[in-house]
Amino acid sequence: FVRWGRLNLPAPRQDYLAGGWQIETAPSNKKGTDNSPDLSDHLTCLHPLQPFSKAYFLPHGSRELFTHAREWRKMLDPQETKSDQDRLGPAPIDTGPGLIQLIRCLKNPVKCFFNQRLNIYFDDAETITRNQEPFALDGLSPFNQGKMLLNVGLATPASEGPEAVQQAVHRAAQRLQHAGELPPGGFGTLSAKALTEPVLQMLKYHHRLAEDYPHACPPVEIRFPIRMDGCDCEALEDWLDGLRMKEPEISTPTKSTDYVRWEFYLNEILDKKGRVSRPDSLVGLWVKHLAGCARGMALTSILVTPDGLAELPPLHPKKAGEWLDEIIKFWWRGLQQPLPVTAKTALAYLKLLFSNDGKGAPEKAREAAQKAYEGDGYHFKGELGYGDGVYLKRCYTDFDALWHAENNNFKTLAEQLYGPLMETMKGVLEEK
């Protein structure tokens with residue numbers, strides 16, 4: 001028996017076989033009729049043009065089609081598809097995370113998955129080269145340049161007076177302009193003013209807090225045990241710096257000793273009533289605050305911004321430890337798959353739910369989360385349109401994909417991870 005392809009055999013030979021032979025199962029009295037099977041079709045196997053065609057992998061397709069491409073068959077054959085195909089195994093690490101790893105994961109777990117597990121980093125293709133003079137600053141440049149000016153102001157001794165601090169900041173802004181980091185001409189002067197004003201206001205808050213808490217403390221070691229199945233990490237280990245006290249530090253501080261630490265955020269975060277309108281700005285401060293409180297410290301954490309101060313009060317060690325443990329478990333899960341949640345989108349969702357004494361409309365909360373993720377289609381681009389959106393687009397191209405992933409797990413993750421922060425902030429507002 002010989003098998004051939006129709007394209008490789010001339011048509012006259014096929015006609016010759018069809019005219020002289022018939023299929024054995026066909027009745028003789030029906031030879032040549034319309035109902036008799038075509039011998040040529042019976043002997044010929046038609047292959048698709050593409051070797052990766054789905055016809056090779058369909059469970060009820062032609063039995064004559066076959067393929068040796070195991071990698072394609074594994075992807076398309078439903079019998080070999082596994083329920084956890086999108087999840088990697090436990091991360092092969094034996095060293096516990098630091099606070100910075102938890103902060104990055106809590107801000108954007110998708111980016112954390114690409115960076116920490118896959119070691120993949122996507123560069124921003126829209127960066128300005130050295131040969132191009134900027135006409136206006138992009139969204140990230142004012143933040144980085146303002147941070148540089150802030151460091152200059154913090155490095156200037158407060159004992160020299162506020163005028164010396166202002167002069168140091170203005171000189172640093174002039175150096176940026178002369179180096180071509182700011183737009184040329186009058187636009188550069190306006191940009192320098194826009195950078196220095198919020199920095200000088202933050203330095204005023206900083207000096208006021210330093211007067212209230214004049215005694216600096218050495219860094220405190222943070223060690224929080226980790227107990228998870230499949231995780232070889234024993235503990236979260238890091239140091240908490242920037243601590244200050246009203247009274248001089250004693251040799252054996254007690255749990256009742258009041259500690260204060262503050263960080264800086266260069267954008268405005270408060271509304272007209274003094275409430276935090278951008279709770280995602282507190283994520284980094286929140287993780288360090290939990291670590292200090294879980295250690296047993298009576299810690300007050302403050303975020304210094306150009307428009308005021310946002311404060312996190314001391315928490316009970318047990319409660320802080322439970323919330324910190326949830327974040328660590330979330331970090332461990334985030335190393336196995338890109339989890340469908342982000343800080344900005346989740347907090348925009350919870351902010352509406354926590355409004356009106358926790359009776360916010362779920363539909364309005366979902367709309368707020370969608371706007372935070374996708375933007376409004378005009379001036380606001382959302383998380384997908386800015387820096388880390390390059391990671392999000394590879395997993396969750398729009399808000400519907402994020403919302404419906406893992407059986408609508410977004411709501412559960414948002415309430416479980418970021419709900420404690422909103423609860424703490426709500427308690428602060430009620431006390432006020």
Side-chain angles (χ1 to χ4, degrees), residues 96-107 154 202 205-226 235-265 269-270 274-276 279-305 308-328 330-331 343 347 417-432:
L99 294 176
I100 187 63
Q101 282 79 19
L102 298 183
I103 293 172
R104 290 172 179 172
C105 181
L106 201 60
K107 287 183 176 181
L154 294 174
M202 295 168 65
Y205 291 132
H206 165 72
H207 293 146
R208 188 185 307 167
L209 289 172
E211 292 178 357
D212 296 337
Y213 303 93
H215 301 285
C217 304
V220 174
E221 183 179 7
I222 300 296
R223 181 176 177 83
F224 189 81
I226 297 178
L236 160 69
E237 296 180 324
D238 211 326
W239 293 85
L240 191 63
D241 58 358
L243 297 169
R244 300 182 73 96
M245 302 171 58
K246 283 188 176 182
E247 303 296 334
E249 185 182 14
I250 58 179
S251 57
T252 56
T254 62
K255 292 185 179 181
S256 61
T257 304
D258 293 332
Y259 292 90
V260 176
R261 68 179 304 274
W262 58 85
E263 297 180 359
F264 300 91
Y265 192 78
I269 67 169
L270 304 179
R275 299 173 299 186
V276 177
D280 57 280
S281 60
L282 295 169
V283 171
L285 185 73
W286 171 248
V287 174
K288 296 181 179 180
H289 183 71
L290 290 179
C293 294
R295 191 184 181 276
M297 303 170 60
L299 176 63
T300 300
S301 300
I302 302 173
L303 190 66
V304 180
T305 67
L309 306 176
E311 182 177 312
L312 296 175
L315 300 173
H316 191 278
K318 182 179 180 180
K319 180 182 290 187
E322 292 175 353
W323 289 343
L324 183 62
D325 187 61
E326 289 294 331
I327 297 176
I328 295 175
F330 175 71
W331 164 81
L347 288 170
L417 294 170
Y418 308 97
L421 174 58
M422 297 299 298
E423 179 181 337
T424 302
M425 293 172 52
K426 182 180 178 183
V428 172
L429 292 177
E430 291 177 350
E431 290 179 0
K432 291 183 179 179

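Start at 1 with the first residue, then count along the sequence. Just so it is clear, the structure is predicted and the values come from calculations on it, not from any experiment. What's counted below: heavy atoms across the whole structure, side chains too, no hydrogens, waters or symmetry copies.
- In plain terms, the two heavy atoms of Leu243 and Pro218 that are nearest each other are CD1-O, 4.4 Å.
- Between Trp323 and Glu423 the shortest heavy-atom distance is CZ2-OE1, 4.2 Å.
- Of all heavy-atom pairs between Met202 and Val304, the closest is CE-O, 3.5 Å.
- Residues satisfying the side chain to side chain donor-acceptor pair (under 3.5 Å) test with Trp331, not counting sequence neighbours, are Gln116.
- Note that CG of Leu303 and CD of Glu311 are 11.5 Å apart. Values are rounded to the nearest 0.5 Å.
- Tyr265 meets the ring-ring contact (aromatic ring centres under 6.0 Å, His included) test with Phe143; sequence neighbours excluded.
- Qualifying salt bridge (charged side-chain N to carboxylate O under 4.0 Å, His left out) partners for Glu263, counting only residues two or more places apart in sequence or in other chains: Arg261, Lys288.
- Remark: Asp325 pairs with Lys329 by the salt bridge (charged side-chain N to carboxylate O under 4.0 Å, His left out) rule, at least two apart or across chains.
- Nearest heavy atoms, Gly308 versus Leu270: CA-CD1, 3.8 Å.
- Taking the six-membered ring where tryptophan is involved, the planes of Trp262 and His206 are perpendicular, since the angle between them exceeds 60° and thus also 30°.
- Rounding to the nearest 0.5 Å places CD of Glu322 at 11.5 Å from CG of Leu315.
- The side-chain contact (heavy atoms from CB on, under 4.5 Å) search around Val287 returns Leu99, Leu102, Ile103, Leu106, Ile327, not counting sequence neighbours.
- Separation of atoms SG (Cys217) and CG (Leu240) is listed at 10.5 Å; rounding is to 0.5 Å.
- Between the OH atom in Tyr259 and the CE atom in Met245 there is a gap of 5.0 Å [rounded to 0.5 Å].
- Interatomic distance, Lys246 NZ to His215 NE2, rounded to the nearest 0.5 Å: 11.0 Å.
- Taking Ala294 as the reference, Phe224, Ala320, Leu324 meet the side-chain contact (heavy atoms from CB on, under 4.5 Å) condition, with sequence neighbours excluded.
- Side chain of Gln101 to main chain of Gly98: a donor-acceptor pair is present (N/O by atom type, distance under 3.5 Å, no hydrogens or angles).
- Going from atom CG of Leu421 over to atom CG of Leu347 covers 6.0 Å, rounded to the nearest 0.5 Å.
- Residue Ile222 comes nearest to Ala291 through the heavy atom pair CD1-O, 3.7 Å, listed as atom of the first residue, atom of the second, then distance.
- When all heavy atoms of Ala310 and Leu282 are compared, the pair lying nearest together is CB-CD2, 4.1 Å.
- Between the side chain of His289 and the backbone N or O of Ile302, no donor-acceptor pair lies under 3.5 Å.
- Residues Pro314 and Asp258 are not in side-chain contact: their nearest non-hydrogen atoms beyond the backbone lie 4.5 Å or more apart.
- Tested against Trp286, the residues Pro279, Ser281, Pro420, Ser301 include a single side-chain contact (heavy atoms from CB on, under 4.5 Å) partner, Pro420.
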